[in-house]
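Here's the structure we're looking at; comments come further down.
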Amino acid sequence: MDNNEKSASLNFIERIIEEDLANNKHGGRVVTRFPPEPNGYLHIGHAKSICLNFGLARKYSGRCHLRYDDTNPEKEEQEYIDSIEEDVRWLGFDWGEHKYFASDYFEELYQFAVKLIKKGKAYVDSLSPEEIREYRGTLTKPGRESPDRSRSIEENLELFEKMRAGEFEDGEYVLRAKIDMASGNLNMRDPALYRIKRVQHHRTGETWPIYPMYDFTHPLSDALEGVTHSICTLEFEDHRPLYDWVIQECEPEYRPQQYEFARLNLNYTVMSKRKLLRLVKEGYVDGWDDPRMPTISGIRRRGYTPQAIRDFADRIGVAKANSTIDIALLEHCVRDDLNARAPRVMAVLDPIKLVIDNYPQGQVEWLEAENNPEDPQAGSRKIPFSGQLYIERDDFMEEPPKKFFRLAPGREIRLKHAYYVTATSVEKDPQTGEITTVHCEYDPHSRGGWTEDGRKVKGTCHWVSAAHAIEAPVNLYDHLFTAENPGERTGNFIDDLNPDSLKVIQKAKLEPSLQEAEAGQIFQFMRKGYFCVDGTHSRPGQPVFNRTVTLKDTWAKLKKKMGV
RNA sequence: UGGGGCGUCGGCAAGCGGUUAAGCCACCGGUUUUUGGUGCCGGUAUUCGUAGGUUCGAAUCCUACCGCCCCAGCCA
């Protein structure tokens, strides 16, 4: 359970549900549904909808159906169904017995269409797509009625039967609702209900040469399943009158209602299927599950947890105002979750050598290191310490600016879990002037990282023993885009791609315990960030790490402010 | 010149005629700390798109205006 059970304040949909419950509107039932079209991969925007629909069902002891809106066989495939189910499960939700396909309702839908024809509420039209568009009018001009609008019920019935029998070519006829060609709402200007498509369907094969449209299928599917609250995004608001019309005229037993909320937008991110597809197709990313993608599979591979995503969904709320969430909130949610759970380990990403001149030659000590200060249950492990270590390059400065309290000449710092050391001298590459080695002396009385005299050391740094370190590739991921709203500047979102969205460190130096890290495991690399073992490139004994998110970095902020 | 929505702090978002206008993220201080992490404490909207009106009292009701989003697939 997440903290949305806290009933602090209700969102507008919860308010409606509680009113309905109080009025016994649907007999006290709450049934929602998540209705993806199996024509693409799920992304974080879908996660909002999934958490909303399944979360509501959970909160109000109802149920949430997984229903595929598979009414357009040209775009739909089994592959997507598999990934959708994996993603919904991964997020922590279960549809139980309630998995449905709109295509399972084709026969019933057909009968509802016949009913409409018999009521004189639908007709078969022979206008071409172009003509229909022309007859529809414009936003400001009313449409005109099709000549076929007055076709007799008998003839409509016969034609519709022939459509089903496969006697016509694609586009020859279409079944239309007879509503109002003068409506200010374009959706009500005799919308198409059925079109002819002589195409293989991924589930019904060649059974049907005609397929129902979304606006006809969706309300009736909801009704057939006993859905009480059909929750969709804002752009369907204009379709609600049509949704209601279909329910009204088809007279199904249950009368579901549609409600609309604002879809998720995230800054520094693109979410549209078209744009995500382009990133993949044109090779800007490494596939749909590239850790920089906002797809569920991408963020999963990045190391985000389902708990973090659900927490995020709770925090962003549900409302009707178009909004853009700051991606910093998502990052906060993962940090919050991982801080509590991720084992701490030491890893040096950009190493320089640290030599302890007064440490006994060849000595190795195995020191105790707690696994997680936030969780005493996590226990501890032993890590090897020696006279030759690696530390992070930017943990040493020859001429430190004020407020820098890491290692510098003559300065004493703590090596985490180990000893106090004081820097004495440096070695540089004569060519480049780059520091290659820092020499220091340690205080043997500071074993474990403290002394009896209680003297204070300001800085604590992570390290790994040079002789014991293992090497592994580490992928440092950052936002895929540098602009808050990609594409706003030039009209082409590709122009805002972040050239540094991935930096690969071929040979980071890691403490040896990481050798056997398994795919999917998540660690905090102390003082650096959260990293997970990549599920696709890691091999047993050869882990590859992906950076999920950095730790908050006050020093980086300070440095920037001071212009260092 | 059509229809449907939405406008409360930098970003989300509560608020539903009487509140000092919640909370979260971000930001800024301080404090704790063997992670410049975490935790803890504190600061940040005299004001709710604007202008009028109703009322003892308005972010909440009314009117007008302004701004933004969506709709002209035989896609969903």
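Note that the structure is a prediction, hence the values are computed from the model and not measured. Side chains included, hydrogens not; waters and symmetry mates left out as well; all remaining heavy atoms used. First the proteins, then the strands, lettered A, B, ... as listed; each starts at 1.
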Report the C-alpha distance between A:Asp104 and A:Arg203 in whole Å, list the side-chain angles of each, state the deciding distance to 0.1 Å, and finish with yes or no for side-chain contact (heavy atoms from CB on, under 4.5 Å).
CA-CA 9 Å; A:Asp104 286 344; A:Arg203 299 191 81 245; 2.8 Å; yes
With a 3.5 angstrom cut-off on both distances, give the Watson-Crick or G-U wobble partner of [N], or none if there isn't one.
{"N": "B:rU33", "value": "none"}
{"N": "B:rU38", "value": "none"}
{"N": "B:rA13", "value": "none"}
{"N": "B:rC56", "value": "B:rG18"}
{"N": "B:rU50", "value": "B:rA64"}

When all nucleic acid strands are considered with a 4.0 Å heavy-atom cut-off, which category describes [X]: base, sugar-phosphate, or nothing?
{"X": "A:Tyr194", "value": "nothing"}
{"X": "A:Lys416", "value": "base"}
{"X": "A:Thr140", "value": "base"}
{"X": "A:Tyr211", "value": "nothing"}
{"X": "A:Met213", "value": "sugar-phosphate"}
{"X": "A:Leu175", "value": "nothing"}
{"X": "A:Asn339", "value": "base"}
{"X": "A:Lys561", "value": "sugar-phosphate"}
{"X": "A:His417", "value": "base"}
{"X": "A:Gln524", "value": "base"}
{"X": "A:His218", "value": "nothing"}
{"X": "A:Ser128", "value": "base"}
{"X": "A:Pro241", "value": "nothing"}

Sticking with atom [atom1], work out how far [N] lies from [M], rounded to a whole angstrom.
{"N": "B:rA72", "M": "B:rG4", "atom1": "C1'", "value": "14 Å"}
{"N": "B:rC24", "M": "B:rU8", "atom1": "C1'", "value": "15 Å"}
{"N": "B:rA64", "M": "B:rU19", "atom1": "P", "value": "29 Å"}
{"N": "B:rG17", "M": "B:rU33", "atom1": "P", "value": "50 Å"}
{"N": "B:rC9", "M": "B:rC27", "atom1": "C1'", "value": "12 Å"}
{"N": "B:rA58", "M": "B:rU47", "atom1": "C1'", "value": "13 Å"}
{"N": "B:rC61", "M": "B:rG15", "atom1": "P", "value": "13 Å"}
{"N": "B:rG10", "M": "B:rG52", "atom1": "C1'", "value": "31 Å"}

Can a side chain N or O of [X] be found less than 4.0 Å away from OP1 or OP2 on [N]?
{"X": "A:His332", "N": "B:rC25", "value": "yes"}
{"X": "A:Ser323", "N": "B:rA13", "value": "yes"}
{"X": "A:Lys528", "N": "B:rU35", "value": "no"}
{"X": "A:Arg15", "N": "B:rG15", "value": "yes"}
{"X": "A:Arg133", "N": "B:rG73", "value": "yes"}
{"X": "A:Ser9", "N": "B:rA13", "value": "no"}
{"X": "A:Arg195", "N": "B:rG73", "value": "no"}
{"X": "A:Arg527", "N": "B:rG36", "value": "yes"}
{"X": "A:Lys557", "N": "B:rC27", "value": "yes"}
{"X": "A:Ser183", "N": "B:rG3", "value": "no"}
{"X": "A:Arg136", "N": "B:rC74", "value": "yes"}

Quick check on RNA chain B: between A:Phe236 and A:Arg189, whose nearest nucleotide comes earlier from the 5' end?
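First, find each residue's nearest nucleotide; the 5'-ward one identifies A:Arg189.
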On RNA chain B, check which nucleotide each of A:Arg406 and A:Arg335 is closest to and give me the residue with the more 5' one.
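Result: A:Arg335.
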Centre-to-centre under 6.0 Å for [X] and [Y], is that the case here?
{"X": "A:Phe101", "Y": "A:Tyr68", "result": "yes"}
{"X": "A:Tyr211", "Y": "A:Phe106", "result": "yes"}
{"X": "A:Tyr214", "Y": "A:Phe236", "result": "yes"}

Can you tell me how far apart CG (A:Asp337) and CZ (A:Arg310) are? Round to the nearest 0.5 Å.
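A:Asp337 CG to A:Arg310 CZ: 9.0 Å, rounded to 0.5 Å.
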Atom pairs and distances, side-chain donor-acceptor, residues 180-192 of chain A, under 3.5 Å, sequence neighbours left out:
{"unit_1": "A:Asp180", "atom_1": "OD1", "unit_2": "A:Ala182", "atom_2": "N", "d": "2.8"}
{"unit_1": "A:Ser183", "atom_1": "OG", "unit_2": "A:Asn185", "atom_2": "N", "d": "3.0"}
{"unit_1": "A:Ser183", "atom_1": "OG", "unit_2": "A:Asn185", "atom_2": "O", "d": "3.2"}
{"unit_1": "A:Asn185", "atom_1": "OD1", "unit_2": "A:Asn187", "atom_2": "N", "d": "2.9"}
{"unit_1": "A:Asn185", "atom_1": "OD1", "unit_2": "A:Asn187", "atom_2": "ND2", "d": "3.1"}
{"unit_1": "A:Asn185", "atom_1": "ND2", "unit_2": "A:Asp238", "atom_2": "O", "d": "2.8"}
{"unit_1": "A:Asn187", "atom_1": "ND2", "unit_2": "A:Asp238", "atom_2": "O", "d": "3.1"}
{"unit_1": "A:Arg189", "atom_1": "NE", "unit_2": "A:Arg136", "atom_2": "O", "d": "2.9"}
{"unit_1": "A:Arg189", "atom_1": "NH1", "unit_2": "A:Ser183", "atom_2": "O", "d": "2.4"}
{"unit_1": "A:Arg189", "atom_1": "NH2", "unit_2": "A:Arg136", "atom_2": "O", "d": "3.1"}
{"unit_1": "A:Arg189", "atom_1": "NH2", "unit_2": "A:Thr138", "atom_2": "O", "d": "2.6"}
{"unit_1": "A:Arg189", "atom_1": "NH2", "unit_2": "A:Lys141", "atom_2": "O", "d": "2.8"}
{"unit_1": "A:Asp190", "atom_1": "OD1", "unit_2": "A:Arg149", "atom_2": "NH2", "d": "3.0"}
{"unit_1": "A:Asp190", "atom_1": "OD1", "unit_2": "A:Ile179", "atom_2": "N", "d": "2.7"}
{"unit_1": "A:Asp190", "atom_1": "OD1", "unit_2": "A:Asp180", "atom_2": "N", "d": "3.4"}
{"unit_1": "A:Asp190", "atom_1": "OD2", "unit_2": "A:Tyr123", "atom_2": "OH", "d": "2.6"}
{"unit_1": "A:Asp190", "atom_1": "OD2", "unit_2": "A:Arg149", "atom_2": "NE", "d": "2.7"}
{"unit_1": "A:Asp190", "atom_1": "OD2", "unit_2": "A:Arg149", "atom_2": "NH2", "d": "3.4"}

Step-by-step side-chain contact (heavy atoms from CB on, under 4.5 Å) determination, A:Ile413 to A:Val457:
CA-CA 6 Å; A:Ile413 59 139; A:Val457 291; 5.6 Å; no
Reading nucleotides 4-9 of chain B from 5' to 3' and marking B where a protein heavy atom lies under 4.0 Å of the base, S where only the sugar-phosphate is that close, and - otherwise, the string is SSS---
Run the side-chain contact (heavy atoms from CB on, under 4.5 Å) check on A:Ile117 and A:Leu175 step by step: do they pass?
CA-CA 9 Å; A:Ile117 295 172; A:Leu175 181 74; 3.8 Å; yes
State which residue, out of A:Phe112, A:Phe168, A:Tyr110, fulfils the ring-ring contact (aromatic ring centres under 6.0 Å, His included) condition with A:Phe160.
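In the set A:Phe112, A:Phe168, A:Tyr110, the residue that makes a ring-ring contact (aromatic ring centres under 6.0 Å, His included) with A:Phe160 is A:Tyr110.
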Less than 4.0 Å between a side-chain N and a carboxylate O, is that true for A:Glu260 and A:Lys320?
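Yes, A:Lys320 and A:Glu260 are salt-bridged.
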A:Tyr214-B:rA76 aromatic stacking (under 5.5 Å, under 30°):
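A:Tyr214 vs B:rA76: stacking no.
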Any idea if B:rG73 is syn or anti, going by the 90°-from-0 cut?
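Classified syn.
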What pairs with A:Glu225 under salt bridge (Lys or Arg N to Asp or Glu O under 4.0 Å), at least two apart in sequence or on another chain?
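Per chain and number, A:Glu225 pairs via salt bridge (Lys or Arg N to Asp or Glu O under 4.0 Å) with A:Arg67.
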